[in-house]
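Reading through the structure tokens given below for one structure.
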Amino acid sequence: MEEIKTKGIVIKATDFSDSDKIVTIFSYDFGIIKARIRGVKKKGAKLAFAVQPFAFIEFLLIKNKGFYSIVNATSIDQFFNITTDFDNYILMLSVLEVCEKSIKENDCSPEMFLLVLNVLKQVSYNNVSAMAIFIKFMLEAFRYLGFEMQVELCACCGNNLSKIRGFSFEYNGMICGKCQNNNSYLELLEGEYAILKNIDNFDIENILNLKFSLNENLISIINLLAKNFRLLTEEEITTLKQFL
């Protein structure tokens, strides 16, 4: 039996028994782990805060024969502001779902962990467009997962992009007018490409300085990224269906 202390973000919690839950945690030290928390469904349970999505917690765990149990927890941040706006709530739940479906259990991913933590902070405290932040998260997540999208140059030939631009799921990036003649692609409007390029070039802390005239363009980019995630990972971001 091993005692472990680690910081983590709660992805979700599911019922396990009449009084217990299994908590899926994105841990800084261990990646995705699942841990049993006993008695948390009882009225007045002192660790009820430790099963809420987005909660940033310092956990005290017991590991026994490969299984984790939560014995104590200290709240660092609950990110309550995220839950006050439906769109923000759904998009940030989608961030958590991407992590759950793309990171293997017990596979340490500190860069992804810090990215998610920053995303939650930006939406909760800096009044940043959750749609823009979700786009930035997906672009960065693709990089960490080894699926970096080519936005600046043609993903097919490597040349500068011509005025006419399209996205190729086969090449995982933008392709130029010349390469479009020989490949299938999704045509992007000028405004959509500008959004994708600008968000890709901005640090996550500076996304709040970007202004967007049409939410429809942002939604189109989110649709593109969700489809690309499905093709690359064979996983659906089901939470997004409530938003799109």
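Bear in mind the structure is a predicted one, so any value in this text is a computation, not a measurement.
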Which donor-acceptor pairs under 3.5 Å do side chains of residues 174-185 form with protein atoms, sequence neighbours excluded?
from: Gln180; atom 1: NE2; to: Ile164; atom 2: O; distance (Å): 3.4
from: Gln180; atom 1: NE2; to: Ile175; atom 2: O; distance (Å): 3.2
from: Asn183; atom 1: ND2; to: Cys179; atom 2: O; distance (Å): 2.8

Acceptor/donor pairs from residues 223-236 side chains to any protein atom, 3.5 angstrom cut, sequence neighbours excluded:
from: Asn223; atom 1: ND2; to: Ile219; atom 2: O; distance (Å): 3.4
from: Asn228; atom 1: ND2; to: Asn172; atom 2: OD1; distance (Å): 2.7
from: Thr233; atom 1: OG1; to: Phe229; atom 2: O; distance (Å): 2.6
from: Thr233; atom 1: OG1; to: Glu235; atom 2: N; distance (Å): 3.2

(request) Report the distance from atom CD of Gln52 to atom CD1 of Ile57, rounding to the nearest 0.5 Å. (result) 9.5 Å
(message) Please check this pair: side chain of Asn206 against backbone of Phe202, looking for a donor-acceptor N/O pair closer than 3.5 Å.
(response) no
(request) Using side chain to side chain contact (heavy atoms under 4.5 Å, CB included) as the criterion, point out the one residue from Ile204, Val151, Leu210, Ile133 that pairs with Ile199. (result) Leu210
(message) Do the side chains of Asp200 and Arg143 get close enough for a salt bridge, i.e. N-O under 4.0 angstrom?
(response) yes
(message) Considering only residues two or more places apart or on different chains, which pairs with a residue in residues 137-179 satisfy ring pair (Phe, Tyr, Trp, His ring centres under 6.0 Å)?
(response) Phe167-Phe169
(request) Determine whether Ile4 and Ile33 fall in the same hydrophobic cluster, where Ile, Leu, Val, Met, Phe, Trp and Tyr are linked whenever their side-chain heavy atoms lie under 4.5 Å apart. (result) yes
(request) Give the cluster check for Val123 versus Leu139: same hydrophobic cluster or not, with ILVMFWY residues linked at side-chain heavy-atom distances below 4.5 Å. (result) yes
(message) Holding to side-chain hydrogen bond (donor to acceptor under 3.5 Å, both in side chains), I want the full list of residues that pass it with Asn201, two or more places apart in sequence or in another chain.
(response) Glu152
(request) State whether a side-chain donor-acceptor pair under 3.5 Å links Thr24 with Glu100. (result) no
(message) Within this structure, what is the CD-CD1 distance for the pair Glu2 and Ile62, rounded to the nearest 0.5 Å?
(response) 9.0 Å
(request) Consider only side-chain N and O atoms of Asp77 and Tyr125, and report whether a donor and an acceptor are under 3.5 Å apart. (result) yes
(message) How long is the straight-line distance from NZ of Lys136 back to CG of Asn198, given to the nearest 0.5 Å?
(response) 10.5 Å
(request) Measure from the side-chain N and O atoms of Ser109 to the backbone N and O of Met112, and report whether any donor-acceptor pair falls under 3.5 Å. (result) no
(request) Give a yes or no answer on whether the side chain of Thr83 reaches the backbone of Phe80 with a donor-acceptor pair at less than 3.5 Å. (result) yes
(message) I need the single residue from Asp87, Asn81, Ile82 that forms a side chain to side chain contact (heavy atoms under 4.5 Å, CB included) with Asp85. Which is it?
(response) Asp87
(message) For Asn118 and Glu205, which I'm curious about, is there any donor-acceptor pair between the side chains at under 3.5 Å?
(response) yes
(request) Output every pair passing ring pair (Phe, Tyr, Trp, His ring centres under 6.0 Å) with a member in residues 1-34, not counting sequence neighbours, ordered by first then second residue. (result) Phe26-Phe113, Tyr28-Phe113
(message) Can you tell me how far apart CD1 (Ile237) and CD1 (Ile90) are? Round to the nearest 0.5 Å.
(response) 13.0 Å
Counting only pairs under 3.5 Å, give me each side-chain donor-acceptor contact of residues 65-75, with atom names and distances, residues two or more places apart or in other chains.
from: Tyr68; atom 1: OH; to: Asn106; atom 2: OD1; distance (Å): 3.1
from: Ser75; atom 1: OG; to: Gln78; atom 2: OE1; distance (Å): 2.9

(message) Check this for me, if you would: do Asp15 and Lys41 make a salt bridge, where the nitrogen-to-carboxylate-oxygen distance has to be below 4.0 angstrom?
(response) yes
(message) Can a donor-acceptor pair be found, under 3.5 Å and without considering hydrogens, that links the side chain of Asp20 to the backbone of Gly39?
(response) yes
